[in-house]
Amino acid sequence: MALKKDLSIDFLGVHCENPFFLSSSPVGSDYDMVAKAFDAGWGGVVYKTVGIFLPDECSPRFDITGTPGGPWTGFKNMEMISDKPLEVNLENMRRLKRDYPGKVMIASIMGSDDGEWRTLAQKVTDIGADMIECNFSCPQMTSSTMGSDVGQSPELVARYTGTVCRATHLPVLAKMTPNIGHMEEPAIAAIRAGAKGIAAINTVKAITNLDPEHMTAMPVVNGKSSISGYSGPAVKPIALRFITQMKQHPELKDVPVSGIGGIVTWQDVLEFLLVGSSTIQVTTAVMEYGYRIVEDMASGLSHFMARRGIDRLSDLVGRALPNIVPADDIDRSFKVIPEIDPARCIGCGRCYISCYDGGHQAIDWDDYTRTPTINEHCVGCHLCLNVCPVADCILPRHTEFRPGRHPHPVTCKLHYR
């Protein structure tokens with residue numbers, strides 16, 4: 001039997017049975033889909049963005065990076081907000097909340113002017129949603145009055161957030177675009193205007209692949225394509241960076257965050273919690289693997305918490321933030337020299353080649369015995385450790401302090417795989 005811990009958490013005043021939410025996307029766009037996800041164990045849904053505007057979608061509209069048939073590195077989509085009539089979506093959300101009262105319903109909305117934002121906020125409030133997420137971040141809308149073009153303007157974010165907050169009593173999340181230099185600016189604008197939390201990140205504007213046959217990007221739509229949103233594991237480092245920067249900002253450090261971007265495994269969930277997310281949202285991984293991935297997420301987190309003696313999920317939120325510091329605060333007084341385990345070494349030479357051509361020529365190579373040896377030129381960069389294909393063959397071992405630096409205890413990661 002799988003280990004189950006209490007993974008519940010309170011978010012924006014709403015009790016969530018667990019932190020696992022479907023993000024606003026095709027994976028949560030009608031009654032049957034969301035019901036199936038709830039039955040599989042998801043704690044809530046951010047129902048696919050509804051609006052007054054009904055998009056005219058293109059075909060095809062998806063592309064991937066990665067080996068065909070293998071795990072996706074990333075996923076590109078050219079899909080806009082829901083193409084279902086507003087009243088149909090409102091009825092779906094109303095039924096879901098009625099049939100699954102213990103699950104959390106977040107209504108994602110997007111308008112093009114104050115009147116549309118106000119109307120949408122009032123309508124999703126009336127059908128019983130638990131929260132509202134303002135979508136300021138979709139990168140592939142055909143109108144510049146909607147999506148990420150709005151999200152890049154702190155003034156518009158503040159204006160529309162304020163409009164929504166005045167039209168509802170529900171807690172409001174502002175969903176941020178990563179297609180910007182400093183996410184803190186629109187996030188602060190949203191909070192000052194009344195939002196209670198931030199959702200981040202949405203997809204990154206990108207071109208995934210070029211098709212040399214038709215001389216355009218993928219996917220090919222009648223010989224043309226366009227720049228649009230990129231998601232999946234490739235964007236996780238970007239998401240973690242933006243969330244960390246927001247949670248370390250004095251004006252945002254206490255603002256709840258729903259983390260999004262490249263979450264596939266329970267380890268990914270843990271990482272988003274550690275940088276300050278209270279809940280997480282998933283789309284791409286569900287599109288690739290299905291709703292049941294939530295079972296592994298719940299089991300993995302439960303086992304991690306049990307091993308660490310952690311009883312409450314909230315105790316994990318933000319735990320890594322004090323240890324992520326500005327570059328000028330990093331301790332640069334020492335270097336950690338790795339050691340090659342001859343019993344594990346397979347003589348492939350990858351460490352030698354990478355160090356010679358891309359490092360500091362700190363590995364000698366014996367052609368006769370096919371043996372690498374670390375020499376005195378090592379600067380402790382650990383390129384060799386990262387290219388070695390054998391687990392624990394090359395590991396950090398010896399700490400050397402730079403001349404004139406005072407020796408002191410050093411914390412170092414000793415195992416990587």
Side-chain angles (χ1 to χ4, degrees), residues 7-9 11-12 14-50 62 72 75 77 79-84 88-90 92-110 124 127-135 137-138 173 175-176 197-203 229 231-233 235-236 239 257-266 268-269 272-273 277-298 301:
L7 300 179
S8 65
I9 195 164
F11 183 64
L12 274 61
V14 177
H15 186 71
C16 309
E17 68 176 70
N18 61 50
F20 313 123
F21 281 67
L22 301 177
S23 51
S24 171
S25 68
V27 304
S29 58
D30 68 27
Y31 178 91
D32 291 335
M33 297 175 77
V34 178
K36 182 179 179 182
F38 285 166
D39 290 338
W42 293 83
V45 62
V46 185
Y47 192 91
K48 186 169 183 180
T49 305
V50 301
F62 298 149
W72 296 350
F75 178 77
N77 86 88
E79 189 158 306
M80 295 184 279
I81 65 174
S82 177
D83 60 358
K84 296 181 179 65
V88 171
N89 284 319
L90 292 172
N92 284 340
M93 285 188 275
R94 186 193 67 78
R95 287 178 59 208
L96 284 162
K97 191 59 193 174
R98 179 198 67 195
D99 295 346
Y100 295 89
K103 304 292 185 176
V104 180
M105 170 59 66
I106 303 179
S108 176
I109 63 174
M110 183 192 294
V124 298
I127 55 89
D130 295 296
M131 305 180 204
I132 296 174
E133 182 179 272
C134 295
N135 187 339
S137 51
C138 180
L173 274 170
K175 189 174 184 180
M176 298 287 103
I198 298 296
I201 61 173
N202 206 326
T203 53
S231 61
V235 309
K236 186 182 84 168
V257 169
S258 186
I260 318 165
I263 299 168
V264 181
T265 68
W266 72 266
D268 297 329
V269 176
F272 275 78
L273 294 171
S277 303
S278 298
T279 62
I280 60 94
Q281 300 181 28
V282 181
T283 283
T284 303
V286 170
M287 298 179 83
E288 187 174 8
Y289 299 113
Y291 295 121
R292 288 188 60 191
I293 61 169
V294 74
E295 296 174 6
D296 174 73
M297 292 177 179
L301 267 185

>> Any heavy-atom pair between the side chains of T284 and V235 that's under 4.5 Å?
In response: no
>> What's the separation between atom CG in L273 and atom CD1 in I280, rounded to the nearest 0.5 Å?
In response: 8.0 Å
>> If I compare all heavy atoms of S278 with all of P19, which pair ends up nearest, and what's the gap?
In response: O-CB, 3.7 Å
> Is the backbone of G44 close enough, under 3.5 Å, to the side chain of Y100 for a donor and an acceptor to pair up by distance?
Replying inline: no
>> Please find the pair of heavy atoms, one from E79 and one from P26, that lie closest to each other, and give the distance.
In response: OE2-CG, 3.1 Å
>> Under a 3.5 Å distance rule, please check whether S24 uses its side chain to pair with a backbone N or O of T49 as donor and acceptor.
In response: yes
> Taking atom CG of L12 and atom CG of D130, what is their separation to the nearest 0.5 Å?
Replying inline: 11.0 Å
>> What I'd like to find out is whether the side chain of Y47 reaches to under 4.5 Å of the side chain of V124, using heavy atoms alone.
In response: no
>> Once rounded to the nearest 0.5 Å, what's the spacing between atom NE2 of H15 and atom CD1 of I9?
In response: 10.0 Å
> Just wondering, do F62 and M287 contact through their side chains at under 4.5 Å, heavy atoms?
Replying inline: yes
> Within the side chain of W42, is there an N or O that forms a donor-acceptor pair under 3.5 Å with the backbone of V294?
Replying inline: no
>> Would you say that R98 contacts R95 through its side chain, given a criterion of any heavy-atom pair below 4.5 Å between the two side chains?
In response: yes
> Is the shortest heavy-atom distance from the side chain of I201 to the side chain of I260 under 4.5 Å?
Replying inline: no
> Among all residues two or more places apart in sequence or in another chain, which pass the side-chain contact (heavy atoms from CB on, under 4.5 Å) test with K236?
Replying inline: L240, D268, E271, F272
> Considering all heavy atoms of both residues, which atom of A285 and which atom of I293 are nearest to each other, and what is their separation?
Replying inline: CB-CD1, 3.6 Å
>> With a 4.5 Å cut-off on side-chain heavy atoms, are F20 and L7 touching?
In response: yes
> Would you say K97's side chain and K103's backbone share a donor-acceptor pair under 3.5 angstrom?
Replying inline: yes
>> Can you confirm whether I263 sits close enough to M297 that some side-chain heavy atom of one is under 4.5 Å from a side-chain heavy atom of the other?
In response: yes
> Minimum heavy-atom separation for N135 to K175, with atom names?
Replying inline: CA-CB, 4.3 Å
> Can you tell me how far CG of L22 sits from CE of M33, rounded to the nearest 0.5 angstrom?
Replying inline: 8.5 Å
> Taking atom SG of C134 and atom CD1 of I198, what is their separation to the nearest 0.5 Å?
Replying inline: 10.0 Å
>> Just by distance, no angles: are the side chains of S258 and T279 close enough, under 3.5 Å, to form a donor-acceptor pair?
In response: yes
> Do N18 side-chain atoms and G41 backbone N/O form a donor-acceptor pair below 3.5 Å?
Replying inline: yes
> If you take all heavy atoms of G259 and S277, which pair is closest and at what distance?
Replying inline: CA-OG, 3.5 Å
> Considering all heavy atoms of both residues, which atom of V45 and which atom of G28 are nearest to each other, and what is their separation?
Replying inline: CG2-CA, 4.4 Å
> Under 4.5 Å between any side-chain heavy atoms of Y31 and D99, yes or no?
Replying inline: yes
> Can you check whether D30's main-chain N or O pairs, donor with acceptor, with N92's side chain at less than 3.5 Å?
Replying inline: no
>> So, taking the atom named CD in E133 and the one named CZ in F21, what distance separates them when rounded to the nearest 0.5 Å?
In response: 10.5 Å
